[in-house]
Protein chains: 2
Amino acid sequence: MDRGAFLEAFEKAKAARELLVVACDCEITYSGRAEAFLPRGERLIVMKQDGVLLVHQPENGNPINYLKAGGDITLEKYEGHLMLRGKHAAQKEFLDIEIFTVHDGFHRKLEDGGKQTLLGSEADMSDSIRDNPSLIGPDFKPISREEQTAVGFVDVFGHDGQGNLVVIECKRYTAGLDAVSQLHRYVEKVKQVKGTKNVKGILASPKITGNALEMLKSYGYDWRDVHPPKRHERHAKSQKHLGEF
Amino acid sequence: MDRGAFLEAFEKAKAARELLVVACDCEITYSGRAEAFLPRGERLIVMKQDGVLLVHQPENGNPINYLKAGGDITLEKYEGHLMLRGKHAAQKEFLDIEIFTVHDGFHRKLEDGGKQTLLGSEADMSDSIRDNPSLIGPDFKPISREEQTAVGFVDVFGHDGQGNLVVIECKRYTAGLDAVSQLHRYVEKVKQVKGTKNVKGILASPKITGNALEMLKSYGYDWRDVHPPKRHERHAKSQKHLGEF
DNA sequence: TACTACATCTCGCAT
DNA sequence: ATGCGAGGTGTAGTA
């Protein structure tokens, strides 16, 4: 793909708000929330239909450089080659891509109204606990789930039928020190707002690190081994549930 | 691009570990850390040279689906169209992309040994404080920075010359409740390890939320308005520094 | 490997 | 717009 063809392709793509993809040899400067420089090399550049700009190196999952939607992207001749400039006035940032050689590329309008459905999130986990409180303990009675009460974002909130409030924080992966700190914050807040010291803290996750468990115990909280639900597990649970009747 | 050409392109790209890019109409199923389904629509699929697989919708910055390097990717005929399968045995996850129509695409070996240099990270910020302790206060004396001591990950550690140890947590953006919790964890750890109660906590960030400031004060800690360094600021600082001699 | 914390985090949701 | 927390977070650094 020669320079003229790419300039033309870019203008068409920009005007029609099409996806533009190009493999090229380039050098990149970013300035905004930080400052960055990437010396010359071959990368994949993607301009999406909403103005998102991505630069991918040939390995690793994340873009090495990017600009969010809402900026302005231009392509112009620059000292014998090309300069692709992304400017985001609102955020005072820019991404300058000096393009030396354009290898391959295309542009096209993509039609996609699809929304992904996802099962196994932390929200699904707190749903699961609310619907199956015995996962926490035989006496646990859920009151609310992910409710925006005066105490803030508590994943599951309940009581134990023995005069204690119970605050549960869920993590869908290994719980670390940060999760314990978060739980502690919620428990302290509940104690303050409800004006009681009878508040138990429970961390529910499929795993917990050693240091986190130690810190959890030092606060007097407990850990429960709970996994985020998946389809087959939910299915198995439904069967068991049906069997109970 | 017809089906046969894409099958051939895929096999060449896979064998030579080349970048493969394709715009297509597809339907996607993921199972692994969670379970997800994305109904039919037009997307951009990228297979990188290390086996990373990305699916981008025409808008938004993040891939809607992906697989990390280390898995196996195959393309085969499937019920009259194509199935691109990524399997990651180690992580027990798979990404199945049923491709109905291939629109555009190319494959190419990209040569890129470039590493990005970046200024303005949190590490740069703690460097800046160590080199310029007056950013914290006239009496602050830094001792260590990001050192892995018995106290753990403390961004900047020092004393105030008045018998108090000082723990500083840096955030390059607005500090929230999580940052205060983190600082609190470090201060408590230092008190415990050093066997003293004379430990001050300081949160250094360009901004802090109201609730975070309130929580910070309730612990008796302080906030300092510090910005992550940028090139021109560092330049200005160097000039000032030179001027001091 | 496990653990920890950063990230130009991004994204959605609620106030 | 800001605050807050999740994320299939990813990634780097260290023990």
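Here is the naming used below: chain letters follow the sequence lines, and residue numbers restart at 1 for every chain.
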### Message
Using a heavy-atom cut-off of 4.0 Å across all strands, would you classify B:F94 as base, sugar-phosphate, or nothing?
### Response
nothing
### Query
Can you find a pair of side-chain heavy atoms, one from A:F140 and one from A:I202, that are under 4.5 Å apart?
no
### Message
Contact list please: residues 60-74 of chain B against DNA chain D, heavy atoms, distance less than 4.0 Å, in numerical order.
### Response
B:N65, B:Y66, B:L67, B:K68
### Query
How far, in whole Å, is C:dA5 from D:dG7 if one measures between their C1' atoms?
16 Å
#### Entry: 4.5 Å side-chain heavy-atom contact, B:Y219 and B:L183
no
### Task
Side chain of A:S121 only, please: which of D:dG7, C:dT8, D:dG5 is the nearest?
D:dG7
### Query
Within the pair A:Y173 and D:dA6, is there a side-chain N or O less than 4.0 Å away from OP1 or OP2?
no
### Shortest side-chain distance from B:F153, nucleotide among C:dC9, D:dG10, C:dT4
C:dT4
### Task
Can you tell me, in whole Å, how much space there is between the P of C:dT8 and that of D:dG5?
22 Å
## Note on the structure
Nearest-nucleotide check on DNA chain C, A:A34 vs A:L177; residue mapping nearer the 5' end is A:L177
### Message
Between C1' on D:dG10 and CD on B:Q116, what's the gap in Å once rounded to a whole number?
### Response
15 Å
### Message
Quick check on C:dT8: is either OP1 or OP2 less than 4.0 Å from any side-chain nitrogen or oxygen of A:S31?
### Response
no
### Summary
Side-chain contact check for A:E122: nearest option of D:dA6, D:dG8, C:dA5 is D:dA6
### Query
When the nearest nucleotide of DNA chain D is assigned to B:G210 and to A:C170 on a heavy-atom basis, which residue is associated with the more 5' position?
B:G210
### Query
If you check every side-chain atom of B:E169, which of C:dC6, C:dT8, D:dG3 has the closest atom?
C:dC6
### Message
By nearest atom, which of the nucleotides D:dT9, C:dT10, C:dC6 is closest to the B:R33 side chain?
### Response
D:dT9
### Task
For B:E214 and D:dC4, give me the distance from atom CD to atom P, rounded to whole Å.
10 Å
### Task
Figure out the CD/P separation between A:E59 and D:dT11, and round it to whole Å.
12 Å
### Task
In whole angstrom, give me the gap between the P atoms of D:dT11 and C:dC11.
16 Å
#### Entry: Separation of atom CG in B:D178 from atom P in C:dT4, rounded to whole Å
17 Å
### Query
How far does the C1' atom of D:dG10 sit from the matching atom of D:dA6, given to the nearest Å?
14 Å
### Query
Quick one: B:I208 CD1 to D:dG3 P, roughly how many Å, whole number?
10 Å
### Query
Expressed in angstrom and rounded to an integer, what is the separation of B:R172 atom CZ from C:dC9 atom C1'?
10 Å
### Task
Keeping to residues at least two apart or across chains, list the salt bridge (charged side-chain N to carboxylate O under 4.0 Å, His left out) pairs with something in residues 18-30 of chain A.
A:D25-A:R40
### side-chain hydrogen bond (donor to acceptor under 3.5 Å, both in side chains) contacts in which one or both residues fall within residues 44-53 of chain A, not counting sequence neighbours
A:K48-B:H56
### N-O pairing of B:K171 and B:D155 below 4.0 Å
no
### B:K171 side-chain N/O to C:dC6 phosphate OP1/OP2 under 4.0 Å
yes
### Task
Would you please confirm or rule out a distance under 4.0 Å between OP1 or OP2 of C:dT4 and any side-chain N or O of B:Q182?
no
### Query
Any side-chain heavy atom of A:L84 sitting closer than 4.5 Å to one from A:L53?
yes
### Message
Once side-chain hydrogen bond (donor to acceptor under 3.5 Å, both in side chains) is applied, what residue pairs with a partner in residues 58-69 of chain A remain, sequence neighbours excluded?
### Response
A:N65-B:Q116
### Message
Does D:dC4 have OP1 or OP2 under 4.0 Å away from a side-chain N or O of B:T209?
### Response
yes
#### Entry: Protein-nucleotide distance (A:L183, atom CG; D:dC4, atom P), rounded to Å
18 Å
### Summary
Taking D:dG8, C:dA5, D:dA6 as options, the one with an atom nearest any side-chain atom of B:R185 is C:dA5
#### Entry: Partners passing side-chain contact (heavy atoms from CB on, under 4.5 Å) against B:D178 (at least two apart in sequence or in another chain)
A:R185
#### Entry: Proximal nucleotide (of D:dG8, C:dT8, D:dG5) relative to the B:L118 side chain
C:dT8
#### Entry: Between P of D:dT11 and NE2 of A:H56, the distance in whole Å
11 Å
### Query
What residue pairs, at least two apart or across chains, pass salt bridge (charged side-chain N to carboxylate O under 4.0 Å, His left out) with a residue in residues 208-227 of chain A?
none
